[in-house]
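Remarks on the structure that follows.
Order of the sequence lines sets the chain letters (A, B, ...), proteins ahead of strands, with each chain counted from 1.
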There are 2 protein chains.
Amino acid sequence: MAVAAHNADVAIDPRGESTRARILDSAEYLFSEQGMNGASLRTIVAHAGVNTAAVHYHFGSKQGLLEAVFARRILPMAEERLELLADCRAGEDRPPLLHQIITAFLEPGMRGRHGGATFARLRARMAADASDETRKLMAHYFDSSSAKFLDALADALPDLPARDLHWRFHYLLATMVYTMANPGRIQALTDNSCDPSDTDASLAYLVPYLAQCFQADPISEAPVRLDRKTNTHNSSTN
Amino acid sequence: MAVAAHNADVAIDPRGESTRARILDSAEYLFSEQGMNGASLRTIVAHAGVNTAAVHYHFGSKQGLLEAVFARRILPMAEERLELLADCRAGEDRPPLLHQIITAFLEPGMRGRHGGATFARLRARMAADASDETRKLMAHYFDSSSAKFLDALADALPDLPARDLHWRFHYLLATMVYTMANPGRIQALTDNSCDPSDTDASLAYLVPYLAQCFQADPISEAPVRLDRKTNTHNSSTN
DNA sequence: AGCTTAATCAAACGCTTGACTTAGTCAACC
DNA sequence: GGTTGACTAAGTCAAGCGTTTGATTAAGCT
C-alpha cells in the first residue's frame with residue numbers, strides 16, 4: 001500500500017499483461033487444436049481479439065510465439081515435478097516407492113495446472129513432429145528434469161539393468177504422451193468404456209500399471225526364449 | 001504372351017501407374033516429414049517430378065491424396081496382421097502365446113514392408129492430430145482389425161478383467177506409436193544407447209516387455225493402496 | 001481413318017499467408 | 001506537460017496456397 005496514488009489497484013498496466021496472456025492463451029488453444037502450420041496468425045489474433053502487430057510486438061515471430069507458449073507452461077511444470085520428486089525423496093520411504101516417483105513425473109504434466117488437456121495435446125503434437133527445431137525446443141526444456149527422474153528411478157530399482165530402465169522410461173513417456181494425445185482409438189474399440197480424457201481415472205490406472213511394468217523382470221539380451229507352457233511370468237527374483 | 005501385337009509388353013499405360021505411384025511415394029515421404037499442412041502440393045509435385053494437375057486428376061484433392069497414401073499401406077498391413085493372427089491361432093499353442101499375438105500385431109506395422117519408418121511416422125502424426133477427419137480415417141481402417149486382436153488377447157488372458165485389457169491395449173498402441181514417432185527423447189537422455197529407429201532391437205525388447213505387462217496382476221478399481229514396504233506387487237490372483 | 005478416353009501440361013485463378021510499416025491513441029509516470 | 005510504453009487500426013508486400021481451366025498428347029478401339 002506504499003503507492004496510494006493509484007486508483008486502479010488491480011494490476012499495473014492492465015493492457016500489457018492481459019494482451020500478452022490472451023495471445024498466449026489463444027495460440028496455445030489453436031496450436032493444439034490445428035497444429036502450428038494449421039493455425040494462422042490471423043486466426044489467432046482474431047480469437048484473442050487483438051491486432052496482428054501485437055504478436056510481432058511481443059513475440060517477434062510466429063516461431064517466437066510458439067516458444068513463448070511452450071516456455072510459459074514448461075518452466076513451472078518442470079519446477080513442480082522436481083519439487084514433488086524432492087518431497088518423496090525426503091519422505092520416510094528410502095528409496096522412495098516407485099509409484100511416488102512416477103506420480104511426481106506424471107501428475108504435473110497431466111492434471112489441470114500447466115495448461116491441462118490443451119497444452120498436453122500440443123506437447124503430443126510436438127512429440128510427433130520430430131523436426132529439428134521441435135527436438136531442440138524439447139531437449140532444452142525437458143532434458144535436465146528427465147535426467148533427474150531417470151536417476152531417481154535407477155535408485156529405486158537398483159537391480160534393473162540400465163538398458164531395461166531406459167527402454168521402460170521411453171515407454172513411460174509413450175503412454176503419457178499417447179494418453180494425452182487421445183486419438184480416440186480405445187474409445188472407438190470399447191464403446192467409450194475407457195476414456196483417456198478423464199485424467200483422474202487415467203492416472204489412477206496408469207501409475208500402478210507403470211510401477212508394475214518397471215518392476216517386472218529384466219528382458220534378457222538373448223532373442224526371446226520360447227519355452228512353451230510358460231504363460232505366466234517366471235518368478236525369478238533377481 | 002497372348003497379345004503379341006503389343007510392342008511394349010511391360011505395363012499397359014506406363015504413364016498412368018508410374019505417375020500415380022510417384023505422387024503417392026512423394027506425398028507419403030513429405031507428409032510424414034513435414035505434416036499434412038506443412039507439405040504443400042507444390043513441394044510434393046516438384047519432388048515427384050509431375051504436374052500439379054496430376055494430383056487433382058488422380059486423387060481429387062489434397063485430402064483425397066492423403067487418404068490414398070493411407071489406404072495404400074493400411075489395407076495390406078491389416079491383411080498381414082490378420083494372416084499372422086490366424087497362423088498363430090492355428091498353431092500348436094492354444095490359446096496362442098501372448099507374445100505371438102503381440103508380434104502379429106506389431107510386426108506388420110513396424111518392419112520394412114508397408115512403408116517402413118516413413119509411413120510409421122505419418123501414422124504417429126495422424127494419431128497426434130486427433131481432428132475429426134483423421135479420427136474417421138483411422139477408425140475406418142483400423143477398427144475391425146484391432147477388435148479382432150482385442151478378442152484374441154482376451155482369449156489368451158481369460159482372467160484379466162476387460163477394463164485392464166482395454167487399458168493395456170491402449171498402452172500397447174501408445175508404445176508402438178511413440179516408438180514409431182521417435183521424438184528423440186530417449187536418445188538424448190541416454191547418449192544414444194537406446195535407439196527406437198533400430199526396428200529389430202526395438203521389437204526384440206518391446207514384444208516380451210508388453211507380454212509381461214499384459215500378464216501382470218490386474219489393477220484394482222479401488223484408489224491406489226498405499227500399504228508400505230510392499231515394493232513388489234501384491235500377488236492377489238483374480 | 002476416325003473417335004474416344006486417359007493422362008499430362010502450362011498457365012492462371014482467387015485467396016491466404018507471415019512479416020512488416022506507418023500513423024495515431026491513451027493511460028501512466030516523471 | 002512532456003515522455004514513454006503498450007498498444008490499435010489499417011494497410012502493404014511478396015510469396016505461397018489449393019484448385020481449375022483448356023489445350024495437347026498418346027493409346028485403344030472399331
Exercise for the section: Return the nearest nucleotide to the side chain of Tyr57(B); candidates are dT20(D), dA6(C), dT12(D). Expected result: dA6(C)

Practice task
Establish, with yes or no, whether the OP1 or OP2 oxygen of dC17(D) is under 4.0 angstrom from a side-chain nitrogen or oxygen of Ser40(B).
Solution key: yes

Fill in the blank from the handout: Of Ala54(B) and Gly38(A), the one whose closest nucleotide on DNA chain C sits nearer the 5' end is Ala54(B)

Exercise for the section: Look at all strands and tell whether Ala53(B) reaches a base, only sugar-phosphate, or nothing, counting heavy atoms closer than 4.0 Å. Expected result: base

Practice task
Tell me whether the OP1 or OP2 atom of dC7(D) has a side-chain N or O from His58(A) closer than 4.0 Å.
Solution key: yes

Exercise for the section: Using a heavy-atom cut-off of under 4.0 Å over every strand shown, decide if Thr52(B) touches base, sugar-phosphate, or nothing. Expected result: base

Completion exercise
Taken to the nearest whole Å, CZ/Arg22(B) to C1'/dT8(C) is 11 Å

Practice task
Whole angstrom is fine here: how far is it from NZ in Lys62(B) over to C1' in dG16(D)?
Solution key: 11 Å

Practice task
Flag the pair Tyr29(B) / His47(B) as yes when their ring centroid distance falls below 6.0 Å, and as no otherwise.
Solution key: yes

Exercise for the section: Figure out the CG/C1' separation between Leu41(B) and dA15(D), and round it to whole Å. Expected result: 16 Å

Problem - Ile44(B) CD1 to dG16(D) P, straight-line distance once rounded to whole Å - result: 16 Å

Handout entry: Pair Arg121(B) + Glu33(B): basic N to acidic O under 4.0 Å
Key = yes

Practice task
State whether His56(A) places a side-chain N or O below 4.0 Å from either non-bridging phosphate oxygen (OP1 or OP2) of dC20(C).
Solution key: no

Handout entry: dT8(C) OP1/OP2 closer than 4.0 Å to side-chain N/O of Thr19(B)
Key = yes

Exercise for the section: Return the value, rounded to whole Å, for the distance between atom CZ of Arg42(A) and atom P of dG11(D). Expected result: 13 Å

Practice task
Using whole Å, report how far CD1 of Ile23(A) lies from P of dG18(C).
Solution key: 14 Å

Handout entry: Between Asp129(A) and Thr134(A), a side-chain donor and acceptor under 3.5 Å
Key = yes

Handout entry: Length of the line joining Leu65(A):CG and dA19(C):C1', which is rounded to integer Å
Key = 14 Å

Handout entry: Tyr178(A) ring center within less than 6.0 Å of Tyr178(B) ring center
Key = no

Handout entry: Base dA7(C) to side chain Asn51(B), donor-acceptor N/O within 3.5 Å cut-off
Key = no

Exercise for the section: Output yes when Asp25(B) and Arg72(B) qualify as a salt bridge under the 4.0 Å nitrogen-oxygen rule, no when they do not. Expected result: yes

Problem - Gap between atoms CZ and C1', on Phe31(B) and dG18(D) respectively (whole Å) - result: 12 Å

